[in-house]
Amino acid sequence: MSLRLFNTYSREIEEFRPIADDGRTVKMYTCGPTVYSYAHIGNFRAYLFEDLLQRHLEARGYGVERVMNITDVDDKTIRGCQAAGVPLGDFTEPFKQGFFEDLGTLRIKRAQAFPEATDPRQIAAMIEMIRTLVSRGLAYQADDNSVYFRIKNFPAYGHLAHFNLDELQSTGRVKNDEYEKESIGDFALWKAWDEADGAVHWESPWGRGRPGWHIECSAMATQLLGDQLDIHCGGVDNIFPHHEAEIAQTEGCTGKQFVRYWLHCAHLMVDGQKMSKSLGNFHTLRDVLAKGYSGREVRYALLRVHYRAPLNFTFEGMQEARQSLTRIDDWIERLRARSADADGENGERSASSTREQADNDQFSRAFDDDLNISAALAVVFENIRETNRALDDGILAPAGARSWLEWWEKIDSVLAVTSDAAGIPADIATLVEARAQARLAKEWRKSDELRDQLAALGWGVRDSKEGQKLTRRAGA
RNA sequence: GGCGGGGUAGCCAAGUGGUAAGGCAGCGGUCUGCAAAACCGCUAUUCGUGGGUUCGAUUCCCGCCCCCGCCUCCA
């Protein structure tokens, strides 16, 4: 079965076919962060969705070439650096670092390239594109010296968002004080310098200024991936105007279809509203970590809802994610223990161990269906229950356990949620040893107190025939 | 007003023209010194709402209601 994805452009589920001759290389561009502060987990929901997409494509044998831009110059970064009284680059640097740290925490695969808008080569590429657009009558310099895209000369403008440009209403979100523009819908390609920009400016054929927001993605994408991309992703709020503008700019220059599949993820909500910096209802990843949750728990919590459905963020949801992961952790632990058993190699035969291949297909097929994460997770949990049953019944051979662990490895190459918890800390081990002694002496009261103590420290302990088993219950 | 997304058990959430996956929480049982974990059983005669098509609709069609987003630099 083939991979099918919902294309915003057509508003339909389409079969995915990359443009490359080899049929295996996928060129993917993903809109990255504006580094004027730490990204919030709503931003990361988009990056996690893209990560899931990349990982599934790779699991399906595609080679993904991905680029993610870093917007390090815009109104907000300029305002921020001036408020801080430091050069633009000094202001954005910590947020760039923080962004990469957060990607690591959430186990998001790195793109091949993270081009920055202020990179001189990228600025040069943007200027070159603008020059081409001006020469073709698709852009003009207005009386305010800024250069604007002339949307009336690009009839396809509005097709991605399915907007009829005559019916647009201003929401007042952006000030419409640009009377110099020929048409209200024309957007800036190059913004002429003014005092508010301070030391932030570059030279161009139209005078000093800085690039508009949209042009950076067009320039970077074509510079690094070529004129035509397979996939371009972002949040739904990027559909208009950002991605619409990218199409106009890029196709205005190349004359070729810019992107084959446009994928957009729905918003992360808080209290029934979109999480956003301007509403002040956001959590950064750092905020959530500070409450004791781990990166993989956040990863799971943000992945477990389909990318095109709104996801309401709550700490109850975080708790649910933690519990679900604990179920997976315990299952893996049991499989590892069983796979290491020397006995039972012969004679025992598990029905479930032979279903590995089919189940793997079920999981992948769910993902093929426009990344149906819920159906995929259902496959995981159904298999967990079946394997646990076999373990309880003592009919899962060590070889069967190993084959299930191999199955999980494949699954986890996409989900990336396996615990990487290190060993047991010394202070915990001391308590466990003390409890073992108490239990030998049948001092149940003392044993129970130590169990409570361990629980308070985030370690679940349970007693089995082989002795105490420890599970980290929080974090990790 | 235009264009989209969503409304399925206490919560999260799949799904199909034939009578509702999975997770979390809860209850009962097996196991246990007691627990925990695991397993077994129970927990939506019902899928926002009113019509229509149909032998049969949560699923198809029409109308309506509610929530959320975008409508010119928000992922």
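Every chain is numbered from 1, with letters handed out A, B, ... down the list of sequences.
Ring geometry for A/H214 versus A/F187: interplanar angle over 60°, hence perpendicular rather than tilted (30 to 60°). Relative orientation of the A/Y38 and A/F95 rings is perpendicular, given thresholds of 30° and 60° on the angle between their planes. A perpendicular orientation is assigned to the rings of A/H283 and A/F315, their planes being inclined by more than 60° (bins at 30° and 60°). Using cut-offs of 30° and 60° for the angle between ring planes, the A/F99 and A/F114 rings count as perpendicular. Classification of the A/W190-A/W206 ring pair by plane angle, with boundaries at 30° and 60°, yields tilted.
Taking atom CZ on A/F367 and atom P on B/rA14, their separation rounds to 13 Å, with Å as the unit. Spacing between atom OH of A/Y307 and atom C1' of B/rA14 amounts to 16 Å, rounded to whole angstrom units. Between A/L160 atom CG and B/rC71 atom P the separation is 14 Å, expressed in whole Å. Look at CG on A/L311: it is 15 Å from C1' on B/rA14, rounded to the nearest Å. Distance CE (A/M269) to P (B/rC66): 17 Å, rounded to an integer number of Å. The separation between A/N281 atom CG and B/rC74 atom C1' is 12 Å, rounded to whole Å. Atom CD of A/E449 and atom C1' of B/rA35 are 15 Å apart (whole Å). Whole-Å rounding puts the A/L325 CG to B/rC12 C1' distance at 14 Å.
With both pairing distances under 3.5 Å, B/rA21 is matched to nothing as a Watson-Crick or G-U wobble pair. Base pairing annotation: B/rC70 forms a Watson-Crick or G-U wobble pair with B/rG2, both donor-acceptor distances under 3.5 Å. Nucleotide B/rC39 forms a pair with B/rG29, judged by Watson-Crick or G-U wobble geometry with both contacts under 3.5 Å.
Comparing B/rU59 with B/rU54, their P atoms sit 16 Å apart, to the nearest whole Å. Between B/rA25 and B/rA37, the distance separating the two P atoms is 8 Å to the nearest Å. Using atom C1' as the reference point in both B/rA57 and B/rG15, the two lie 14 Å apart (nearest Å). B/rC24 sits 23 Å from B/rA20 when the P atoms are compared, rounded to a whole Å. Only the C1' atoms considered, B/rU49 is 14 Å distant from B/rU8, to the nearest whole Å. Distance noted for atom C1' between B/rU58 and B/rU45: 13 Å (whole Å). Taking the C1' atoms as reference points, B/rG26 lies 8 Å from B/rU43, given to the whole Å. Distance check on atom P: B/rA36 versus B/rC27 gives 10 Å, rounded to whole Å.
Among the protein residues, A/G212 comes within range of no part of the nucleic acid, since none of its heavy atoms lies under 4.0 Å from any strand. Counting non-hydrogen atoms under 4.0 angstrom, A/L391 reaches nothing in the nucleic acid. When heavy atoms are screened at a 4.0 angstrom cut-off, A/R334 is found touching the sugar-phosphate backbone but no base atom. No engagement by A/T326 is indicated, since no non-hydrogen atom pair under 4.0 Å with the nucleic acid exists. Among the heavy atoms of the strands lying under 4.0 Å from A/V461 is at least one base atom, whether or not backbone atoms are also near. Residue A/K76 is in sugar-phosphate contact alone, with no base atom involved, counting any heavy-atom pair closer than 4.0 Å across all strands shown. Among the atoms of the strands shown, only primed sugar atoms or phosphate atoms (P, OP1, OP2) are found under 4.0 Å from some heavy atom of A/G272.
Distance from the side chain of A/N388 is smallest for B/rA38 among the nucleotides B/rC40, B/rA37, B/rA38. Distances from the side chain of A/D392 to the nucleotides B/rC39, B/rC74, B/rG33 place B/rC39 closest. For A/H306, the listed nucleotide lying nearest its side chain is B/rA14; candidates were B/rA14, B/rC34, B/rG69. Listed candidates were B/rA37, B/rC3, B/rA13. Nearest to the side chain of A/R462 is B/rA37.
In the model, A/T284 has a side-chain atom that pairs as donor or acceptor with a side-chain atom of A/D287 under 3.5 Å. Side-chain atoms of A/W213 and A/T34 include no donor-acceptor pair closer than 3.5 Å.
Not a single donor-acceptor pair under 3.5 Å links the side chain of A/N153 to the backbone N or O of A/L138. A donor-acceptor distance shorter than 3.5 angstrom exists from the side chain of A/H162 to the backbone of A/Y9, with no hydrogens or angles considered. The closest donor-acceptor contact from the side chain of A/R150 to the backbone of A/S183 lies at 3.5 Å or more, if one exists at all. With hydrogens and angles disregarded, no donor-acceptor distance shorter than 3.5 Å links the side chain of A/Q122 to the backbone of A/A117.
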Exercise for review: Sugar-phosphate atoms are those with a prime plus P, OP1 and OP2; base atoms are the rest. Using that split, label each nucleotide of nucleotides 15-31 of chain B B, S or - for protein heavy atoms under 4.0 Å, 5' to 3'.
Suggested key: S-----BSBSS------

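Taking 4.0 angstrom as the limit, A/K274 places a side-chain polar atom (N or O) nearer than this to OP1 or OP2 of B/rC70.
In terms of polar N and O atoms assigned as donor or acceptor, the side chain of A/D463 comes within less than 3.5 Å of the base of B/rC34 in a complementary pairing.
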Give me, pair by pair, the N or O atoms of the protein and of nucleotides 4-10 of chain B that are less than 3.5 Å apart, along with how far apart they are.
| from | atom 1 | to | atom 2 | distance (Å) |
| --- | --- | --- | --- | --- |
| B/rG5 | O2' | A/R308 | O | 3.1 |

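Within the 6.0 Å centre-distance limit, the rings of A/F363 and A/F367 are counted as a close aromatic pair.
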